[in-house]
2 protein chains.
Amino acid sequence: MAKPSRIQSENREKILAAALEVFSRDGFRGATVDAIAQASGMSKPNLLYYYRSKEAIYAEVLAGLLDAWLDPLRALDPEGDPAREIGAYIDRKIEMARDYPAESRLFAGEMLRGAPILDTVLRRDLKALVDEKAEVIRAWTRAGQLAPVHPHHLIFAIWATTQHYADFDPQVRAVLGDEGEGRFHDAADFLKRLFLLGLCPRDGAG
Amino acid sequence: MAKPSRIQSENREKILAAALEVFSRDGFRGATVDAIAQASGMSKPNLLYYYRSKEAIYAEVLAGLLDAWLDPLRALDPEGDPAREIGAYIDRKIEMARDYPAESRLFAGEMLRGAPILDTVLRRDLKALVDEKAEVIRAWTRAGQLAPVHPHHLIFAIWATTQHYADFDPQVRAVLGDEGEGRFHDAADFLKRLFLLGLCPRDGAG
DNA sequence: CCCCTTCTTGACCAGTTGGTAAAATCGAGG
DNA sequence: CCTCGATTTTACCAACTGGTCAAGAAGGGG
């Protein structure tokens with residue numbers, strides 16, 4: 001079991017890409033192995049030659065996802081200016097909601113199911129990363145560069161507001177109607193303003 | 001087909017309550033008619049005597065849901081003080097996420113599926129209500145009582161941040177760990193501060 | 001060109017699931 | 001207590017689905 005052959009890596013790659021689409025569209029239960037196989041251009045038994053079960057594919061897709069999904073948070077720079085850093089984080093998260101909605105929905109689906117697969121890794125890796133960045137936020141507050149807020153809930157709020165545009169896309173479209181074209185740009189604008197300044201009117205505001 | 005008998009209404013009620021639990025826990029595809037029947041304390045064919053199909057039950061549950069789900073937004077009072085009204089709206093939404101998580105998750109699941117059942121009612125009723133309240137927010141801005149922000153995105157942000165605590169509960173618990181007990185109270189505090197004041201530090205802040 | 005491993009497929013299976021048919025039972029009005 | 005419609009159950013089915021198996025096709029090192 002040294003290195004995977006060319007065919008191995010190619011087919012595994014094709015399967016994971018197809019599985020991401022199918023799982024994110026139909027959910028874990030709604031997705032069928034046949035549908036994933038067809039989307040990867042191979043037969044069902046052949047797919048099961050590469051992954052032993054439907055759940056194995058699902059777990060693999062999720063595992064490959066989480067890392068990339070958290071990159072924007074990792075990039076939050078303790079040395080940077082808080083307002084700029086948080087603004088950049090919001091921008092990056094909105095871009096991901098726009099460019100990788102399937103990933104967002106798959107993750108949301110796993111949460112709705114009670115996170116049976118991701119639970120352990122959430123408690124370990126995700127918690128560690130969030131705790132680390134929460135400390136960064138607390139340091140900013142201590143330095144007087146940020147209002148005293150609960151860091152974890154701040155991070156939740158950024159996740160929720162940005163991923164909303166991927167996960168609740170039908171609702172967003174329904175409400176915005178024809179004006180919804182620039183929704184990602186408008187959202188980024190609004191959210192940066194909201195997070196940095198809040199809703200209270202003030203004097204020198206533009 | 002005049003009025004439903006006592007047995008009719010009782011059983012339909014039991015079915016809908018059971019269906020809410022099962023659908024919200026397992027999703028539309030994951031839920032089985034048998035599971036709903038068992039949870040309502042009746043046999044599968046008997047359940048199908050009251051609702052002709054699994055999808056009919058699902059649609060009925062969703063329909064009954066949406067109205068109650070939007071009540072907090074309806075209560076937004078154009079005559080009230082903006083800061084107080086928005087704060088009260090956030091409080092109410094956090095309460096609902098705490099007390100009715102199944103409803104929230106069911107709705108989220110329907111969105112993830114692309115809103116096949118709710119799509120039309122979203123475009124009609126939901127859009128109408130949101131547009132109406134967006135006008136209220138614009139009026140507040142014109143009166144100088146609120147910063148000039150995109151009203152629709154403000155409403156999305158409130159929905160997203162509050163419902164997050166129901167829909168992403170496993171993630172929230174995983175990140176907060178043992179400190180997560182007062183998460184709904186902390187969230188309401190944080191969100192009201194965020195929405196009304198933003199994150200920028202300022203002089204007279206408490 | 002041969003051989004052995006890797007890869008692919010067609011046929012198949014058992015369990016599950018949404019839904020039906022018809023018979024049995026219940027229950028309120030007469 | 002009898003009757004007729006409303007309600008409930010037993011038995012059942014066809015479609016679907018995750019997964020297996022054994023046989024065949026392909027591919028690369030010698």
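Remember, it's a predicted structure, so these values are computed and weren't measured experimentally. Naming convention: chains lettered A, B, ... in sequence-line order (proteins, then strands); numbering from 1 in each chain.
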Please evaluate residues A/Arg142 and A/Glu135 with respect to the criterion salt bridge (Lys or Arg N to Asp or Glu O under 4.0 Å), reporting the C-alpha separation (whole Å), side-chain torsions for both, the decisive distance (0.1 Å), and the verdict.
CA-CA 10 Å; A/Arg142 277 197 300 271; A/Glu135 197 44 56; 3.4 Å; yes
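- Considering every non-hydrogen atom in both B/Gly80 and B/Trp140, the closest pair reads O-NE1, 3.7 Å.
- Among the protein residues, A/Tyr50 comes within range of the sugar-phosphate backbone only, with heavy atoms under 4.0 Å from sugar or phosphate atoms but none that close to a base.
- Look at CZ on B/Arg29: it is 12 Å from C1' on D/dA15, rounded to the nearest Å.
- Using a 4.0 Å heavy-atom cutoff across all strands shown, A/Thr32 reaches sugar-phosphate atoms only and no base atom.
- Taking the centre and axis of the six-membered ring of B/Phe28, the NZ or CZ atom of B/Lys54 falls inside the cone set by 45° and 6.0 Å.
- For DNA chain D, no neighbouring residue in residues 21-28 of chain B is found when judged by any heavy atom under 4.0 Å.
- The phosphate of D/dT7 (OP1 or OP2) has a side-chain N or O of B/Tyr49 nearer than 4.0 angstrom.
- In summary, B/Arg74 and B/Asp67 engage in a salt bridge, as defined by a charged side-chain N under 4.0 Å from a carboxylate O.
- A salt bridge is defined here as a Lys NZ or Arg NE, NH1 or NH2 lying under 4.0 Å from an Asp or Glu carboxylate O, and A/Lys192 with A/Asp91 meets this definition.
- For DNA chain C, the outermost nucleotides in 5' to 3' order that have an atom under 4.0 Å from a heavy atom of chain A are C/dT6 to C/dT17.
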Scoring nucleotides 19-30 of chain D by protein non-hydrogen atoms under 4.0 Å (B base, S sugar-phosphate only, - none) yields BBB------S--
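- Rounded to an integer number of Å, the gap from CG of B/Asp34 to C1' of D/dT9 is 13 Å.
- Here B/Arg6 pairs with B/Glu10 in a salt bridge; the nearest charged N to carboxylate O distance falls below 4.0 Å.
- The salt bridge (charged side-chain N to carboxylate O under 4.0 Å, His left out) test with B/Asp169 is passed by exactly one of B/Arg105, B/Arg183, B/Arg98: B/Arg183.
- A donor-acceptor contact under 3.5 angstrom links the side chains of B/Tyr58 and B/Glu110, judged on distance only.
- Salt bridge annotation for B/Asp26-A/Arg29: absent, with no cationic side-chain nitrogen under 4.0 angstrom from a carboxylate oxygen.
- Residue B/Gln8 places none of its side-chain N or O atoms closer than 4.0 Å to OP1 or OP2 of D/dA6.
- Looking at B/His153 and A/Asp189, their side chains never bring a donor and an acceptor atom within 3.5 Å of each other.
- By the neighbour-count criterion of 12 heavy atoms within 6.0 Å, atom CZ of B/Phe184 is densely surrounded, having more than that number from other residues, nucleotides or ligands.
- Of the residues near DNA chain C, A/Asn11 and B/Gly30, the one whose nearest nucleotide (by heavy atom distance) lies more toward the 5' end is A/Asn11.
- A/Ala31 comes within contact range of the sugar-phosphate backbone alone, with a heavy-atom separation under 4.0 Å but no base atom that close.
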